[in-house]
S.K.: 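Dumping the structure here so I can ask a few things about it.
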Protein chains: 2
Amino acid sequence: MADTWTITELANEQGVTARAIRFYEDQGLISPLRDGRNRVYANRDRVRLKLILRGKRIGLSLAEIRDIINLYDTPEGEQRQTELLRKLIRERRAQLMAQQQDIAVMLHELDNLEARL
Amino acid sequence: MADTWTITELANEQGVTARAIRFYEDQGLISPLRDGRNRVYANRDRVRLKLILRGKRIGLSLAEIRDIINLYDTPEGEQRQTELLRKLIRERRAQLMAQQQDIAVMLHELDNLEARL
DNA sequence: TATCTACTTTACGTTAACGTCAAGTAGATC
DNA sequence: GATCTACTTGACGTTAACGTAAAGTAGATA
């Protein structure tokens, strides 16, 4: 298993276009190293991309995903920030759980629908 | 409890703009009756709007929501269509369950994050 | 009867998230 | 050394989902 990827390798693997990945970089969501002009993606970039795509699949905007990434990237032990971070995490968790609920309701309705057939 | 609503009443209640509701109508997602030129929303329209907004909250596009609505609106007992319907329902259910999974992973990551604080 | 309020339609504007050329470069291959 | 391949950086185009006037109407109220 390689430990670095080119942009097209990563794009193919993750099922997105290279253009999309470059766009995420423009938006400050991912920052690969360079080999000359060319982008080189390490595993942490790959993990980051997966996080982005997971966020997209559940309907988060890139701005919201950036907020979540910022939670991850905040230096540890910054006491002044900790309380704020906890709050943001709680809010995000509440939103995700509400989404779970919405999906549960929809699944239930699909069950009813199928039962009617 | 009233059994009909004006567009602004419904908009305020559901936390969206009247413009958005009219847009959903343009897209064929909802079809209220009229009192002269004015739209009159009955309870089934209200339920329909809730379905639309629930879909939006979990990141579905209006086109996808329309597909789901079409599942609901298909006349019962159309034997020829039944098998296709079952298939569409199964696919949609699979997608929703995948989304549940994505959300579960994110919730887990938030837990880890909070634990680090 | 004039004004106010809540609706209507029409139409152009806006933002997010890329798609789609165009033009250039750098390394490998014929 | 020319051609091929995989990258690069602009820059303009596109679609979805509304926002935002503009201009008109119909019923209630001063």
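The figures here come from the full heavy-atom set of this structure, side chains too, leaving out hydrogens, waters and symmetry mates. Just so it is clear: chains get the letters A, B, ... in the order the sequence lines come, proteins before strands, and each one is counted from 1.
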S.K.: If you compare every side-chain N and O of B/Y24 against the phosphate oxygens of D/dC18 (OP1, OP2), does one of them come in below 4.0 Å?
M.R.: yes

S.K.: Measure from the side chain of B/R37, starting at C-beta and using heavy atoms only, and say which of C/dT25, D/dA11, C/dT9 lies closest.
M.R.: C/dT9

S.K.: So, is A/R39 close to the D/dT8 phosphate, meaning a side-chain N or O under 4.0 Å from OP1 or OP2?
M.R.: yes

S.K.: Can you tell which of D/dC18, D/dT25, C/dA17 lies closest to the side chain of A/S61?
M.R.: C/dA17

S.K.: Check the pair A/Q14, A/I21 against side-chain contact (heavy atoms from CB on, under 4.5 Å), reporting the backbone distance first and the verdict last.
M.R.: CA-CA 10 Å; A/Q14 301 296 321; A/I21 298 180; over 6 Å; no

S.K.: Is B/R22 near enough to D/dA17 that one of its side-chain N or O atoms lies under 4.0 angstrom from OP1 or OP2?
M.R.: no

S.K.: May I ask you to check whether B/Y72 and A/E109 show a side-chain donor-acceptor distance below 3.5 Å?
M.R.: yes

S.K.: Calculate the interatomic distance between A/I52 atom CD1 and C/dA16 atom P; express it in whole Å.
M.R.: 17 Å

S.K.: Grab the CD1-P distance between A/I21 and D/dT9 for me, whole Å please.
M.R.: 13 Å

S.K.: Which nucleotide in the set C/dC18, C/dG19, C/dG24 lies at the smallest distance from any side-chain heavy atom of A/T17?
M.R.: C/dG19

S.K.: Measure CZ/B/R34 against C1'/D/dT25 and give the value in whole Å, please.
M.R.: 14 Å

S.K.: Do B/R93 and A/E114 meet the salt-bridge criterion of a basic N to acidic O distance under 4.0 Å?
M.R.: yes

S.K.: B/L60 or A/Y41: which one's nearest nucleotide on DNA chain D is closer to the 5' end?
M.R.: A/Y41

S.K.: Measure the shortest side-chain to side-chain distance between A/L113 and B/I89 over non-hydrogen atoms and say whether it is less than 4.5 angstrom.
M.R.: yes

S.K.: Between atom CG in A/N38 and atom P in C/dA28, what is the gap in whole Å?
M.R.: 12 Å

S.K.: Would you kindly give the CH2-to-C1' distance between B/W5 and C/dA6, to the nearest whole Å?
M.R.: 19 Å

S.K.: Which listed nucleotide (C/dT9, C/dT20, D/dA17) is nearest to the side chain of B/F23?
M.R.: D/dA17

S.K.: Check the distance between C/dA16's P and A/E64's CD and give it to me in whole angstrom.
M.R.: 12 Å

S.K.: Can you find an N or O donor on one side and an acceptor on the other, under 3.5 Å apart, linking the side chain of A/R19 with the base of C/dT20?
M.R.: yes

S.K.: Looking at D/dC18, I'd like to know if its phosphate oxygens (OP1 or OP2) sit under 4.0 Å from a side-chain N or O belonging to B/K56.
M.R.: yes

S.K.: Identify which nucleotide among D/dT9, C/dC18, D/dC18 has an atom closest to any side-chain atom of B/A20, counting heavy atoms from C-beta outward.
M.R.: D/dC18

S.K.: D/dA6 P sits how many Å from A/E9 CD, rounded?
M.R.: 11 Å

S.K.: Side-chain contact, heavy-atom cut-off 4.5 Å: B/L88 with B/E91?
M.R.: yes

S.K.: May I have the distance from A/D35 (atom CG) to C/dG27 (atom P), rounded to whole angstrom?
M.R.: 9 Å

